[in-house]
Amino acid sequence: MNPETDNNRGLHPWQVQLHELIYESEKPAGKAFDVALLACILTSIVVVMLDSVTALHARYGGLFYALEWTFTGIFTIEYILRLICIRRPWRYVFSFLGIIDLLAIIPAYLSILFVGAQSLMVLRALRLLRIFRIFRLVHFISEMRFLTVAILNSLRKISIFILFVLTVVVILGSVIYLVEDENSGFTSIPQSVYWAIVTITTVGYGDVAPVTTAGKLIASFIMLLGYGIIAVPTGIVTTEMAIAARNKVQSQQACPSCGKEGHDQDAVFCKYCGHKL
């Protein structure tokens, strides 16, 4: 039996071709489709941003409205096509990318249901949700899986690190509260801990500042400590990214059944649904 025929069993020839166009970004047609879709996503985001400018909305509001519905129609058709060219569309619907694709088109249709002056704030919120189409860019960032793996592997270490930092700022905040007085702005331990957090992160709003010699020495210590602390999370994530990059390179081939990517180069079956690749 032809492996390709067995692999595409249950799909019509036009569905197989459509799957290659939409999901197989390594092929020329799929790459062209991705580039066109990327251009639409970026343009739609720019339209939403420009439409929030009062002067531009007053002058080009009609054009922005027409463009928004044009892009909504394009994304709706693309979402439907993604569903009809795979065997198990519900897997894609409830996947991370599937939910993002759905959220990219739902706000436009929901805005039809809210009409009237009393719902203007709701409409503004729905329009704001459209900016989250930027998350659809993950379709085009194949290397993002390395960052995802690195962050997930770093969560425990970073959590312990954050717990350590919180312990330090509570201690130092309490100490600065004892050293300074209310006239300096250190009216309570929570207020002093807030100042310690702002200082150790090198933000330094300047709304609260120590005036005594002991307070300034503590502040100097926190500032220097902050510079050293900033490098720790970066080193943790960088190390995990290096480990992930040394692992076996994954293929960009999409499963014809569930539409997910991220398989090993020598994989024969999908690691998500078990279907043959």
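- Contacts classified as salt bridge (charged side-chain N to carboxylate O under 4.0 Å, His left out) and involving residues 218-233 (residues at least two apart or in different chains) are not found.
- In this view, Arg59 satisfies the side-chain contact (heavy atoms from CB on, under 4.5 Å) rule with no residue, not counting sequence neighbours.
- To the nearest 0.5 Å, atoms CD1 (Ile22) and CD1 (Ile84) are separated by 7.5 Å.
- Contact check for Thr202 versus Met223: no side-chain heavy atoms found under the 4.5 Å cut-off.
- The shortest non-hydrogen separation linking Leu21 to Phe33 is O-CB, 3.6 Å.
- Neither Ile160 nor Ile162 shares a network with the other; the hydrophobic side chains, linked directly or stepwise wherever heavy atoms of I, L, V, M, F, W or Y lie under 4.5 Å apart, form separate groups for each.
- The same ILVMFWY cluster, assembled from side-chain heavy atoms under 4.5 Å apart, contains both Tyr23 and Phe94.
- Val198 and Val211 are not part of a single hydrophobic cluster, where members link through side-chain heavy atoms under 4.5 Å apart.
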Which pairs would a plain distance check flag for residues 168-175, meaning a side-chain donor or acceptor within less than 3.5 Å of a matching protein atom at least two apart in sequence or in another chain?
unit_1: Ser174; atom_1: OG; unit_2: Val170; atom_2: O; d: 2.8

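- With hydrogens and angles ignored, the 3.5 Å screen pairs no side-chain donor or acceptor of Glu68 with any backbone N or O of Val48.
- The side chain to side chain donor-acceptor pair (under 3.5 Å) search around Thr76 returns Tyr109, not counting sequence neighbours.
- Between the Asp181 side chain and the Ser184 main chain, a donor and an acceptor come within less than 3.5 Å of each other.
- Under the side-chain contact (heavy atoms from CB on, under 4.5 Å) criterion, Ile77 pairs with Leu81, sequence neighbours left out.
- Shown here are the side-chain contact (heavy atoms from CB on, under 4.5 Å) partners of Leu102, two or more places apart in sequence or in another chain: Tyr79, Ile105, Ile106.
- Tracing side-chain contacts under 4.5 Å through hydrophobic residues (I, L, V, M, F, W, Y), one never reaches Leu224 starting from Ile176; they form parts of separate clusters.
- To the nearest 0.5 Å, the span separating CD1 on Ile80 from CG on Asp101 amounts to 12.0 Å.
- Other cluster members for Leu217: none, since no ILVMFWY side-chain heavy atom sits under 4.5 Å from it.
- Listed here is the closest heavy atom pair of Thr199 and Ala219: CG2-O, 4.2 Å.
- Not a single donor-acceptor pair under 3.5 Å links the side chain of Glu180 to the backbone N or O of Gly185.
- With sequence neighbours excluded, the residues that form a salt bridge (Lys or Arg N to Asp or Glu O under 4.0 Å) with Lys157 are Glu240.
- Grouping the Ile, Leu, Val, Met, Phe, Trp and Tyr side chains by contacts below 4.5 angstrom, directly or via other members, places Ile45 with Leu50.
- With values rounded to the nearest 0.5 angstrom, Phe75 atom CZ is found 5.0 Å from Ile41 atom CD1.
- Considering only heavy atoms from C-beta on, Phe161 comes within 4.5 Å of Ile229 through its side chain.
- The CZ atom of Arg88 lies 8.5 Å from the SG atom of Cys270; values are rounded to the nearest 0.5 Å.
- Across all non-hydrogen atoms, the minimal contact from Ala214 to Val179 is CB-CG1, 3.5 Å.
- Every pair tested for salt bridge (charged side-chain N to carboxylate O under 4.0 Å, His left out) that includes a residue from residues 201-225 fails, sequence neighbours excluded, so the list is empty.
- A search for side chain to side chain donor-acceptor pair (under 3.5 Å) contacts involving Tyr60 returns nothing, not counting sequence neighbours.
- Applying the ring-ring contact (aromatic ring centres under 6.0 Å, His included) test to every pair with at least one member in residues 170-198, sequence neighbours left out, gives these pairs: Phe186-Trp195.
- A pairwise comparison of heavy atoms in Cys40 and Ile74 identifies SG-CD1, 4.3 Å as the closest pair.
- Applying the side-chain contact (heavy atoms from CB on, under 4.5 Å) criterion to Thr187, with sequence neighbours excluded, gives Glu182, Gln191.
- Of the inter-residue distances, the one linking Thr201 atom OG1 with Tyr227 atom OH reads 11.0 Å to the nearest 0.5 angstrom.
- Distance CD/Glu20 to CD/Gln15: 12.5 Å, rounded to 0.5 Å.
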